[in-house]
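Every chain is numbered from 1, with letters handed out A, B, ... down the list of sequences. None of the values given here were measured: they were computed from a predicted structure. Only this structure's heavy atoms are used, side chains among them; waters, hydrogens and symmetry mates stay out.
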Amino acid sequence: MIDPKLIRHDAKIVLDNLSKRKNDFKLDDYLSAEEAARKIQTEVENLRSTKNKLTKTIGSSKLDEKAKEKIVDEVHEINESLKDAEAKLEGLSVEVKNLSLLLPNILHESVPDGNDEKDNVKIRQWGEIREFSFEPKDHTQLGEDSGWIDFQSASKISGSRFAVIIDRYAQLHRSLIHFMLDIQTNVNGYTEYYVPSIIRSECLEGTGQLPKFAEDQYKIENEENLYLIPTAEVPLTNLVRESIIETNQLPIKMVAHTPCYRQEAGSYGQDTRGMIRQHQFEKVELVHIVKPEESYQALEELTENAESILVKLGLPYRVMLLCSSDTGFAAAKTYDIEVWLPSQNKYREISSCSNCESFQARRMKARFKDLKTNQNEYVHTLNGSGLAVGRTFIAVLENYQNEDGTITIPEVLRPYMGGIEII
RNA sequence: GGAGAGGUGGCAGAGCGGUCGAAUGCGGCGGUCUUGAAAACCGUUGAUGGUUAAUAGCUAUCCGGGGGUUCGAAUCCCUCCCUCUCCGCCA
């Protein structure tokens with residue numbers, strides 16, 4: 001949600017932003033509803049004010065019966081008008097609220113204008129792309145040859161876009177999770193959280209997945225209000241919802257490993273083969289809750305924290321600054337980290353690090369007391385994968401494969417694999 | 001799943017039809033004292049929206065959510081949600 005006052009007073013900023021994002025939100029509808037709502041609100045308030053004054057005279061003074069009756073009659077009349085006005089106000093408020101939930105965040109000035117992912121800007125890259133002396137296989141082939149990724153069984157028990165990972169591959173997959181959590185907590189200074197992966201709809205609204213992206217969420221049947229999390233960003237960020245945080249508690253840096261569930265509606269035909277795009281995958285997620293003036297520094301830090309995993313694993317990657325149309329709904333600025341996949345001969349997204357500024361905080365009512373102004377202000381929230389485990393797993397398999405189909409375990413993972421060097 | 005208790009300001013906790021946005025304590029902030037700090041003492045301190053240049057005034061709303069009764073509801077009624085305790089079941 002963006003500041004209603006900004007929309008009202010600087011509609012041009014919002015319009016420009018919508019056009020940069022190639023978003024077809026009807027700002028005029030919003031503006032006229034909002035104006036009408038404020039107008040009727042004044043009306044309602046005046047009626048209530050008069051009523052309150054009258055009502056107070058009844059209890060406190062020694063009016064005779066007749067005078068009392070007269071006032072009661074008057075109040076009855078006011079109540080009639082109020083009923084109408086309040087109903088109108090309620091209708092308009094709901095309309096305004098619903099529309100405002102569909103407005104995307106304002107982009108940061110440093111975000112380049114662009115039409116699609118081709119306009120994303122490379123910020124930096126790291127690592128040497130390995131020259132293979134043989135034709136590298138993709139992870140699906142490696143999994144098939146070793147027998148340690150079983151898509152057929154997954155399909156039997158769950159359907160498409162699921163995988164069963166077996167034996168050494170399962171260990172490798174688990175080791176990655178453990179490794180990432182250790183680095184983020186012990187080296188990068190995050191506090192580890194274990195959180196529910198079933199959450200209330202308010203949380204999804206808070207972080208921006210609802211109402212706009214409802215079709216991508218898994219809803220729990222027979223439960224009015226519960227969903228599977230699409231990312232740990234949702235439970236972690238919502239930990240501060242509806243609260244006023246002590247200034248000295250900031251910044252908060254959280255990390256959690258969770259499964260993530262996504263319907264992947266609208267991505268039919270994309271990445272259908274293999275483990276790139278699954279309905280269920282593991283992710284280690286980083287979330288920062290910070291003061292506004294620190295959020296862009298925090299974005300750099302968070303991105304580097306995510307990168308540090310790839311550096312330690314020795315996986316080549318590049319960091320891309322997303323252009324205007326590619327930046328997510330809730331984000332003001334996003335860096336994607338893309339890892340090299342030899343089988344596809346290109347970089348693929350493995351982490352997305354975003355500064356949402358106050359967009360989520362406003363939806364969640366997450367504030368802190370600014371000691372300088374003694375005012376409550378919205379915090380800034382950031383999130384990023386540190387990293388997507390399934391995709392990291394794929395990257396390790398493909399980049400560390402040997403000609404005979406075995407995988408050399410990256411050195412940093414060996415302690416987690418009981419010292420095994422090759423699987 | 002069954003039985004009971006309860007949800008009030010940052011926290012704890014009173015209020016149980018009008019004078020209550022709400023006692024009191026803690027915490028926070030400001031001050032006195034002090035070389036400094038602590039203690040003590042004094043003062044101050046809820047949120048959100050509208051109006052506004054205003055973080056000034058004025059105003060409305062908020063005592064878990066929604067609905068109802070009433071001239072008037074934190075207080076009475078209905079309903080939903082949540083938390084806690086005990087029993088049952090269970091990894």
Side-chain angles (χ1 to χ4, degrees), chain A residues 1-10 30-101 194 196-206 220 222-227 235 238-250 252 259 289 291-292 358 361-379:
Chain A
M1 202 178 286
I2 58 185
D3 187 354
K5 283 184 179 163
L6 175 81
I7 310 174
R8 201 188 304 161
H9 300 304
D10 292 301
Y30 171 88
L31 286 171
S32 56
E34 202 260 0
E35 195 187 336
R38 271 184 296 125
K39 206 172 148 205
I40 201 113
Q41 184 182 338
T42 313
E43 219 172 282
V44 167
E45 284 184 10
N46 288 337
L47 285 168
R48 280 180 183 156
S49 178
T50 316
K51 172 184 165 177
N52 287 345
K53 281 180 193 122
L54 285 173
T55 274
K56 245 173 210 167
T57 59
I58 295 181
S60 52
S61 64
K62 49 276 174 209
L63 296 170
D64 58 51
E65 279 304 306
K66 216 168 170 192
K68 205 184 250 178
E69 256 172 56
K70 197 174 163 240
I71 292 175
V72 170
D73 284 349
E74 243 176 286
V75 172
H76 273 304
E77 257 175 59
I78 292 176
N79 277 342
E80 280 307 303
S81 323
L82 252 181
K83 224 180 190 175
D84 274 8
E86 278 174 342
K88 264 188 233 162
L89 179 60
E90 172 66 14
L92 283 166
S93 304
V94 168
E95 192 184 337
V96 170
K97 168 92 192 294
N98 287 344
L99 284 172
S100 72
L101 286 175
Y194 171 77
S197 35
I198 297 178
I199 36 94
R200 301 174 191 281
S201 64
E202 299 91 281
C203 297
L204 286 162
E205 188 176 301
I220 309 279
N222 300 329
E223 288 284 351
E224 204 44 50
N225 206 22
L226 293 177
Y227 291 79
N238 275 281
L239 288 173
V240 297
R241 76 178 289 112
E242 283 166 45
S243 64
I244 300 173
I245 302 157
E246 297 279 343
T247 310
N248 60 19
Q249 303 284 298
L250 299 174
I252 300 172
I289 311 291
K291 294 182 206 168
S358 60
R362 197 177 287 281
R363 286 171 167 245
M364 295 189 300
K365 298 188 177 67
R367 294 147 295 171
F368 74 103
K369 174 85 71 188
D370 188 332
L371 291 178
K372 287 191 294 262
T373 60
N374 208 32
Q375 289 288 105
N376 291 330
E377 274 195 56
Y378 290 111
V379 295

message: Using a 4.0 Å heavy-atom cut-off, does A:Asn46 contact any base of the nucleic acid, only the sugar-phosphate backbone, or nothing at all?
response: nothing
message: If I pick the C1' atom on B:rA23 and the same atom on B:rA39, what distance separates them, to the nearest angstrom?
response: 27 Å
query: Between atom NE2 in A:His9 and atom P in B:rG50, what is the gap in whole Å?
result: 8 Å
task: Using whole Å, report how far CD of A:Glu74 lies from P of B:rG72.
output: 14 Å
Inter-nucleotide P distance (B:rC78, B:rU59), Å rounded: 36 Å
query: With side chains defined as the heavy atoms from C-beta onward, is the minimum distance between A:Leu54 and A:Lys51 less than 4.5 Å?
result: no
message: Strictly by Watson-Crick or wobble contacts shorter than 3.5 Å, is anything paired with B:rA23, and which nucleotide is it?
response: none
- request: State the pairing partner of B:rU32; accept Watson-Crick or G-U wobble contacts with both distances under 3.5 Å, and report none otherwise.
  value: B:rA40
query: Which whole-number value in Å describes the distance from A:Leu47 CG to B:rC71 C1'?
result: 15 Å
- prompt: Which of the following nucleotides, B:rU19, B:rU48, B:rC71, is nearest to the side chain of A:Val72?
  reply: B:rC71
- prompt: Out of B:rG49, B:rC71, B:rA47, which has the shortest distance to the side chain of A:Glu45?
  reply: B:rG49
- request: Measure from the side chain of A:Lys369, starting at C-beta and using heavy atoms only, and say which of B:rG18, B:rA47, B:rA60 lies closest.
  value: B:rA47
field: Integer-rounded Å distance: B:rG72 C1' and A:Asn79 CG
entry: 10 Å
query: Of the candidate nucleotides B:rG10, B:rA60, B:rG50, which contains the atom at the shortest distance from the side chain of A:Lys5?
result: B:rG50
- request: With P as the reference atom in both, quote the distance from B:rU51 to B:rG15 in angstrom, rounded to an integer.
  value: 40 Å
- line: B:rU55 -> Watson-Crick or G-U wobble partner, both distances under 3.5 Å, gives none
- prompt: Does B:rC63 have a Watson-Crick or wobble mate here (both distances under 3.5 Å), and if so which one?
  reply: none
message: Is there a side chain to side chain donor-acceptor pair (under 3.5 Å) between A:Ser49 and A:Lys53? Walk through the geometry before answering.
response: CA-CA 6 Å; A:Ser49 178; A:Lys53 281 180 193 122; 3.3 Å; yes
statement: Partner of B:rG18 under the Watson-Crick or G-U wobble criteria, both distances under 3.5 Å, comes out as B:rC71
- prompt: If you check the A:Arg200 side chain, which of B:rC71, B:rA47, B:rC82 turns out closest?
  reply: B:rC82
Heavy-atom side-chain proximity of A:Arg367 to A:Ile245 below 4.5 angstrom: no
field: Shortest side-chain distance from A:Arg38, nucleotide among B:rU48, B:rU51, B:rG10
entry: B:rU51
query: Within a reach of under 6.0 Å around CD of A:Glu35, are more than 12 heavy atoms found that belong to other residues, nucleotides or ligands?
result: no
field: For B:rC84, the Watson-Crick or wobble counterpart (both distances under 3.5 Å)
entry: B:rG4
- prompt: In whole angstroms, how far is the C1' atom of B:rC71 from the NZ atom of A:Lys51?
  reply: 8 Å
message: Mind checking if A:Asn376 touches a base, just sugar-phosphate, or nothing, with heavy atoms under 4.0 Å?
response: sugar-phosphate
query: Are the side chain of A:Ser93 and the backbone N or O of A:Leu89 linked by a donor-acceptor pair below 3.5 Å?
result: yes
- prompt: Got a donor-acceptor contact below 3.5 angstrom from the A:Arg363 side chain to the A:Leu101 backbone?
  reply: yes
Whole-Å C1' distance, B:rG9 and B:rU34: 34 Å
message: When the C1' atoms of B:rU24 and B:rC77 are compared, how many Å lie between them, rounded to an integer?
response: 31 Å
field: Side-chain touch A:Met364/A:Glu242, heavy atoms, less than 4.5 angstrom
entry: no
Interatomic distance at C1', B:rG6 relative to B:rA14, whole Å: 15 Å
- prompt: Does a nitrogen or oxygen in the side chain of A:Arg367 sit under 4.0 Å from OP1 or OP2 of B:rG10?
  reply: no
- request: On RNA chain B, check which nucleotide each of A:Arg48 and A:Arg362 is closest to and give me the residue with the more 5' one.
  value: A:Arg362
- prompt: Can you find a heavy atom in the side chain of A:Ser197 that is under 4.5 Å from one in the side chain of A:Tyr227?
  reply: no
task: Round to the nearest Å and state the distance from A:Glu43 atom CD to B:rU51 atom P.
output: 15 Å
message: What is the separation between atom NZ on A:Lys53 and atom C1' on B:rC58, rounded to the nearest whole Å?
response: 10 Å
query: Looking only at atom P, what distance separates B:rC58 and B:rU45, rounded to whole Å?
result: 14 Å
Shortest side-chain distance from A:Asn52, nucleotide among B:rU59, B:rU61, B:rG49: B:rU61
field: Spacing of A:Leu82 atom CG relative to B:rU61 atom P, expressed in whole Å
entry: 9 Å
- prompt: Can you tell me how far C1' in B:rG46 sits from the matching atom in B:rG21, rounded to whole Å?
  reply: 8 Å
- request: Check every strand shown and say whether A:Lys365 touches a base, only sugar-phosphate, or nothing at a heavy-atom separation below 4.0 Å.
  value: nothing
query: If only side-chain N and O atoms of A:Arg8 are considered, is one of them under 4.0 Å from the OP1 or OP2 phosphate oxygen of B:rG50?
result: yes
- prompt: Would you say a side-chain N or O of A:Ser49 is under 4.0 Å from OP1 or OP2 of B:rA60?
  reply: yes
- line: Among B:rA47, B:rC71, B:rG50, the one nearest any side-chain atom of A:Gln41 is B:rG50
